[in-house]
A.B. asks: 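Can you read through this structure? Questions will come right after.
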Amino acid sequence: MDSKYNPKDIEAHWYQYWLDNKLFHSEPDCREPFTIVIPPPNVTGVLHMGHVLNETIQDILVRRARLEGKNACWVPGTDHASIATEAKVIKRLKEQGINKSDLTREQFLKHAWDWTDEHGGIILKQLRKLGCSCDWDRTAFTMDETRSKAVIKVFCDLYRKGLIYRGLRMVNWDPERQTALSDEEVIYHDEHNKFYYLRYRVAEDPTKYAVVATTRPETIFGDIAVCINPKEEKNQWLKGKHVIVPGVGRVIPIIEDRYVEIGFGTGCLKVTPAHDVNDYMLGQKYKLKTIDIFTPDAHLNMDTIEPELQPNVRKYHGMDRFDCRKAIVEDLKALDLVEKIEDYDNKVGYSERTNVPIEPRLSLQWFVKMQHFADIALPPVMNDDIVFYPAKYKNTYRNWLENIKDWCISRQLWWGHRIPAWYDAELLAQTGLENYPDDKILVCEGDPNTQMVNGKCQNGKWIQDEGALDTWFSSWLWPISLFNGIDDPGNKEINYYYPTSDLVTGPDIIFFWVARMIMAGYEYVGKMPFKHVYFTGIVRDKLGRKMSKSLGNSPDPLDLIERYGADGVRMGILLSAPAGNDILYDDALCEQGRNFCNKIWNCFRLIKSWEVADNAPSLEERAGERFAIKWFEAKLAQSEAEIADLFSKYRLSEALMEIYKLYCDEFSGWYLEMIKPAYQQPIDRGTYEATLAFFDRLLRLLHPFMPFITEELWHGLEPSKQGCAVRSIMNATLAPIGNVDTAILAEVEDLKAIIAGVRNARAAKNIPPKERLTLISPVALNPLVEKLANVEIKVTGDGLQVTGNCSKFIVGTTEFAIPMDAFINVEEELKKLEADLQHQQGFLRGVMAKLSNERFVQNAKPEIVALEQKKRSDAEARIAALEEAIRALKG
RNA sequence: GGGCGUUUAGCUCAGCUGGUUUAGAGCAUCUGCCCUACAAGCAGAGGGUCCGCGGUUCGAAUCCGUGAACGCCCACCA
């Protein structure tokens, strides 16, 4: 065996072995199910560090569940990511010199599918390199047949229930992609902007003017009124008057509404119902008309302005909204219609996907009524039927649901599930879309032109709605549709795998996805979609910056796997990733992971290097080995219980750290040193087999975290077949949680302290480990001390009674001495002992302060008082021993 | 403007309902070791006014109040 672990070939070999033997595949059976559905990555995405974190955690949970004997099923898949993918396809087409607008819907979709088939699923291949144990036979896509059918069926069902409606609303419009977005897809950024104070001359008396403050002067073309608060003193004079929109010439009324905040700005608010949510609300209230001055790509459209005003504004036609802002301000300045311009900080909404400023736009869209869903989704989280880790996200969740707004689900995109709503061609030609009567819309699963709908043939020619559905409208069904639970409710799979066990995802999609899955789960299965939600943090670089392409601070995971091995990377990403905390990624963490692999590798190498002698003295005659085995059994049992507890709390990085310390400190550092045979001596069979059994248990504990190396070494143990058809650690089960012998654990902690005392003395005096020393002890000691500290033990019986120069130390209340006349430096030794003495005296003072406080003795619990008394007597004993040692040294 | 969270060693974090030998871990640092499992290692060491202030208590990193810094979420003040 090589002295270093080389992951490359080993990882490829075992992953193929797992695939060949279908070890990831699950079918319903009599075992308890354990299900995770993957948060589907974008079909055209590539693996980044966020995925590595997320998928590693899921794999750990799934593999641990398998070892617990559950029927674990991790369902993989990808998301069609409507807007993101459409953008990528458009970009690629552009590179080929093709504009989307030159293509028909069918032609465009052909390109999109080609792209999906070509690049789609790369990310799933990459997950295999990480060791992810997904059931690849179940790989799904949000736009495959089963998932699409579920989406359409749910749309129709909700429409029938009156929970989906069509309406002309002010929506968030992305001028880049030219589609509506949901509120959740808008990200607000703080910006330093300007506040423009514009003069609106009074029509009745043009020598006077009202001053209106606005951040968006380019929208004045759509101004319909100026609103004041009826209670505001300084604007009373404007009541009932009219003003002239500067630069435009439109005469508009002054209206009054308490919505306008007294004292803010000038108290005069320009009302532009087509381009502002609040203005729209005012427009509705006062039945004002709306003038939409923008084209869908947010350029000025002056064709909508009243003909008589056209000459005034024609020059702005076709201008970009931000160019127009500059132009109109300059023009108004020239006309002396700008009072002043101030700096102003406000928030501007940007499209999450295209990162361009959102334009509020009045348009005809489809919505889901959300109050009903909020009502069914809030209680299960608040009363912990569904448990969030960390729990703080319950607040976030509640806050959103208690202020729920209707969900805009239609998108003016082609890549996605097409809205199954149909319009009668003839009627549509008469009315247009906006005025098409709702009760004449046909919402159905099939095509009414070619098949029966609602049990009958639909006469006439039907035209389908042009829109596609929000991607999340398919994602929210994911845990159900993966098991075909929408189209075939109550089927064997949905009954078995649903509710799923754990969901692992980022808190950034708690509203987009988590909340909506809970809604859909209760609506369509009547049960929660998952029992636990583990929110991961954001992966940042070690300086705390978000990883991004532009910063170039995001390492390529495949490159990391190449350098550190998949197991090393898994450990690296997990080590400092408590649930919900951001993780500061650093290559050093992967390095630690790689080093750990090497450590385990070498433990194994050591054990395997021993010659087993059947004729050697048996374990019965070896007290030291028997003791070591008994101790490690206790230690292992303790850790197994601890790790199980940590898993139950989803404290995975702590569980891994526990295993790490168990291997490095307890097993390698102590146990193996205890039982290690002398140079070129064989080991007895009893000890050898006990050690192999321990190693086996250690591998099973570690396997969920580091699947590859544990599988490799587990085979090296040549374990018995255990009645399994396929030999794999994946088919093993964890050791049951046993009782812990705490007495022996305490005993060994003392032994370790004594050995450390000797080593410490050696280090201080530069005595090599090879040189055998004498350890004078007042009590009999376990012979393992002789072996591990390389000392000869002299027991003095009552008291230490040592004369001459020696190094002394105390463990508990017992004093030990190591004679070393040749090396001793009395002054240094005294200094050390005196420092210790001072520390002990300080400690005693603290204890005494408590014990001499009557109120403490009266009020504290008796066991606490007893403990303080023990501290006191122990400290006194140590002080006496130290004083004695100092006296001896001085004398 | 509301709400939530964080602040403990150089770094990343544990420390649950106050008392567990005057605060723990991993990493990093320093010192000494290539001793035939492992230098990707071993042995040892140093390192903290538990963010500040006030309070409750016999006793506070832990509970309460207050202030500060940082972070996140939500909100229609033009």
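In what follows, chains are A, B, ... by sequence order, proteins preceding strands, each numbered from 1.
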A.B. asks: So, does the side chain of A/Arg855 form a donor-acceptor pair with the base of B/U57 at under 3.5 Å?
C.D. replies: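 No such pair is found, so the answer is no.
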
A.B. asks: Check the pair A/Asp183 / A/Asn172 against side-chain hydrogen bond (donor to acceptor under 3.5 Å, both in side chains), numbers first and verdict last.
C.D. replies: CA-CA 7 Å; A/Asp183 295 339; A/Asn172 306 295; 2.9 Å; yes

A.B. asks: What contact category does A/Arg759 fall into here, base, sugar-phosphate, or nothing, at under 4.0 angstrom with non-hydrogen atoms?
C.D. replies: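 Counting heavy atoms under 4.0 Å across all strands, the contact made by A/Arg759 is with sugar-phosphate only.
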
A.B. asks: Within the structure shown, what part of the strands sits under 4.0 Å from A/Ala588 by heavy-atom distance: base, sugar-phosphate, or nothing?
C.D. replies: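 Nothing, no heavy atom under 4.0 Å.
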
A.B. asks: Are there over 12 heavy-atom neighbours, none belonging to A/Arg258, within less than 6.0 Å of that residue's CZ?
C.D. replies: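 Result for CZ/A/Arg258: open.
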
A.B. asks: Ignoring hydrogens and angles, are the base of B/A25 and the side chain of A/Glu658 linked by a donor-acceptor pair under 3.5 Å?
C.D. replies: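 Result: no qualifying N/O pair found.
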
A.B. asks: Within the sub-3.5 Å range, which N or O atoms of nucleotides 10-17 of chain B have a protein N or O partner, and how far apart are they?
C.D. replies:
| from | atom 1 | to | atom 2 | distance (Å) |
| --- | --- | --- | --- | --- |
| B/A14 | O3' | A/Arg651 | NH2 | 2.9 |
| B/G15 | OP1 | A/Arg651 | NH1 | 3.4 |
| B/G15 | OP1 | A/Arg651 | NH2 | 3.0 |

A.B. asks: If you only use heavy atoms from C-beta on, which nucleotide in B/A37, B/C73, B/U22 is closest to the side chain of A/Thr396?
C.D. replies: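 Out of B/A37, B/C73, B/U22, the nucleotide with an atom closest to A/Thr396's side chain is B/C73.
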
A.B. asks: Starting at atom CD1 of A/Ile600, determine the distance to atom P of B/A40, rounded to an integer number of angstrom.
C.D. replies: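 After rounding, the reported distance stands at 17 Å.
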
A.B. asks: Can you check the A/Asn399 CG to B/C73 P distance for me, whole Å?
C.D. replies: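 So the CG-P distance, A/Asn399 to B/C73, works out to 13 Å.
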
A.B. asks: Counting only side-chain nitrogens and oxygens, does A/Tyr188 get under 4.0 Å of the OP1 or OP2 atom of B/C73?
C.D. replies: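 So the side chain of A/Tyr188 is outside the cut-off, no N or O lying under 4.0 Å from OP1 or OP2 of B/C73.
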
A.B. asks: Taking atom types as modelled, find out whether A/Glu876 and A/Ser873 have a side-chain donor-acceptor pair closer than 3.5 angstrom.
C.D. replies: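 There is no such pair between these side chains.
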
A.B. asks: Can a side chain N or O of A/Asn346 be found less than 4.0 Å away from OP1 or OP2 on B/C77?
C.D. replies: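 No.
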
A.B. asks: Please tell me if the side chains of A/Trp173 and A/Ile358 come closer than 4.5 Å, counting only heavy atoms from C-beta onward.
C.D. replies: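 Result no, sub-4.5 Å side-chain heavy-atom pair not found.
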
A.B. asks: From the set B/U21, B/C4, B/A75, return the single nucleotide nearest to any side-chain atom of A/Lys392.
C.D. replies: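 Closest of the options to the side chain of A/Lys392: B/C4.
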
A.B. asks: Using whole Å, what does the distance between atom P of nucleotide B/A40 and atom CZ of A/Phe604 come to?
C.D. replies: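 To the nearest whole Å, that distance equals 22 Å.
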
A.B. asks: Report the secondary structure of RNA chain B in dot-bracket form, marking unpaired bases with a dot and bases paired to a different strand with |, and treating Watson-Crick or G-U pairs with both distances under 3.5 Å as paired.
C.D. replies: (((((((..((((.....[....)))).(((((.......))))).....(((((..]....))))))))))))....

A.B. asks: Expressed in angstrom and rounded to an integer, what is the separation of A/Asp223 atom CG from B/A78 atom P?
C.D. replies: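 In whole Å, B/A78 P and A/Asp223 CG are 16 Å from each other.
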
A.B. asks: Between the side chains of A/Asn399 and A/Asn403, does any donor sit under 3.5 Å from an acceptor?
C.D. replies: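 There is such a pair (donor and acceptor under 3.5 Å, judged by atom type) between the side chains of A/Asn399 and A/Asn403.
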
A.B. asks: Going through the distances and angles, do A/Asn760 and A/Phe809 end up as a side chain to side chain contact (heavy atoms under 4.5 Å, CB included)?
C.D. replies: CA-CA 9 Å; A/Asn760 192 343; A/Phe809 61 91; over 6 Å; no

A.B. asks: Send over the distance from A/Glu402 CD to B/G3 P, rounded to a whole Å.
C.D. replies: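 Atom-to-atom, A/Glu402 to B/G3, this comes out as 14 Å.
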
A.B. asks: Take the protein atom CD of A/Gln680 and the nucleotide atom P of B/C35, then report the distance between them rounded to whole Å.
C.D. replies: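 Going from CD in A/Gln680 over to P in B/C35 covers 16 Å.
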
A.B. asks: Would you call the rings of A/Trp601 and A/Tyr5 parallel, tilted or perpendicular if under 30° counts as parallel and over 60° as perpendicular?
C.D. replies: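 Geometry flag for A/Tyr5 against A/Trp601: tilted rings.
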
A.B. asks: What nucleotide, of B/U21, B/A78, B/G19, holds the atom closest to the side chain of A/Arg878?
C.D. replies: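 Of the options given, the side chain of A/Arg878 lies nearest B/U21.
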
A.B. asks: Among the nucleotides B/C58, B/C74, B/A40, which one has an atom lying closest to any side-chain atom of A/Asn598?
C.D. replies: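 Among B/C58, B/C74, B/A40, the one nearest the side chain of A/Asn598 is B/A40.
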
A.B. asks: Do we see a donor-acceptor contact under 3.5 Å between the side chains of A/Asp587 and A/Tyr585?
C.D. replies: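 Distance-only check passes for A/Asp587 and A/Tyr585.
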
A.B. asks: From the list B/C38, B/C76, B/C27, which nucleotide is the closest neighbour of the side chain of A/Asn278?
C.D. replies: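 Selected nucleotide (nearest to the side chain): B/C76.
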
A.B. asks: So which nucleotide from B/C76, B/C38, B/A25 ends up closest to the side chain of A/Met657?
C.D. replies: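 Closest of the options to the side chain of A/Met657: B/A25.
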
A.B. asks: Distance check needed: B/A75 P versus A/Glu261 CD, whole Å only.
C.D. replies: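 Going from CD in A/Glu261 over to P in B/A75 covers 19 Å.
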
A.B. asks: Ignoring backbone atoms, test whether A/Lys599 places a side-chain nitrogen or oxygen under 4.0 Å from the OP1 or OP2 oxygen of B/C42.
C.D. replies: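 The answer is yes; a side-chain N or O of A/Lys599 sits under 4.0 Å from OP1 or OP2.
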
A.B. asks: Does A/Tyr344 make a side-chain N or O approach to OP1 or OP2 of B/A78 shorter than 4.0 Å?
C.D. replies: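 Looking at the OP1 and OP2 atoms of B/A78, one of them is under 4.0 Å from a side-chain N or O of A/Tyr344.
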
A.B. asks: Identify which nucleotide among B/G44, B/G26, B/A78 has an atom closest to any side-chain atom of A/Phe195, counting heavy atoms from C-beta outward.
C.D. replies: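 The answer is B/A78, which lies nearest to the side chain.
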
A.B. asks: For A/Lys676, what residues pass the side-chain contact (heavy atoms from CB on, under 4.5 Å) criterion, not counting sequence neighbours?
C.D. replies: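 Result, side-chain contact (heavy atoms from CB on, under 4.5 Å) vs A/Lys676: A/Leu606, A/Trp610, A/Glu673.
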
A.B. asks: With respect to the side chain of A/Leu606, which nucleotide from B/A37, B/G44, B/C73 is positioned closest?
C.D. replies: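 Comparing B/A37, B/G44, B/C73 against the side chain of A/Leu606, the answer is B/A37.
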
A.B. asks: With heavy atoms under 4.0 Å as the rule, sort A/Glu673 into base, sugar-phosphate or nothing.
C.D. replies: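 The residue A/Glu673 makes base contact.
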
A.B. asks: Once you round it to whole Å, what is the distance between C1' of B/G41 and NZ of A/Lys4?
C.D. replies: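 Rounded to the whole Å, the gap is 9 Å.
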
A.B. asks: When the C1' atoms of B/C64 and B/G10 are compared, how many Å lie between them, rounded to an integer?
C.D. replies: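 To the nearest whole Å, 33 Å.
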
A.B. asks: NA contact type, A/Asp874, heavy-atom cut-off 4.0 Å: base, sugar-phosphate, or nothing?
C.D. replies: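 Answer is base: heavy atoms of A/Asp874 come under 4.0 Å of a base.
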
A.B. asks: Mark yes or no for a side-chain to base donor-acceptor pair under 3.5 Å between A/Tyr259 and B/C76, with no hydrogen or angle criteria applied.
C.D. replies: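 Pair found.
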
A.B. asks: If you check the A/Pro769 side chain, which of B/G32, B/C4, B/C35 turns out closest?
C.D. replies: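 Nearest to the side chain of A/Pro769 among the choices is B/C35.
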
A.B. asks: Quick test of the criterion, 5.5 Å between centres and less than 30° between planes. Is A/Phe264 stacked on B/C77 or not?
C.D. replies: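 Check passed, A/Phe264 stacks on base of B/C77.
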
A.B. asks: Within a reach of under 6.0 Å around NZ of A/Lys234, are more than 12 heavy atoms found that belong to other residues, nucleotides or ligands?
C.D. replies: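 Yes, enclosed.
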
A.B. asks: Are the aromatic rings of A/Phe647 and A/Phe705 close, with centres under 6.0 Å apart?
C.D. replies: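 That pair passes the under 6.0 Å test.
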
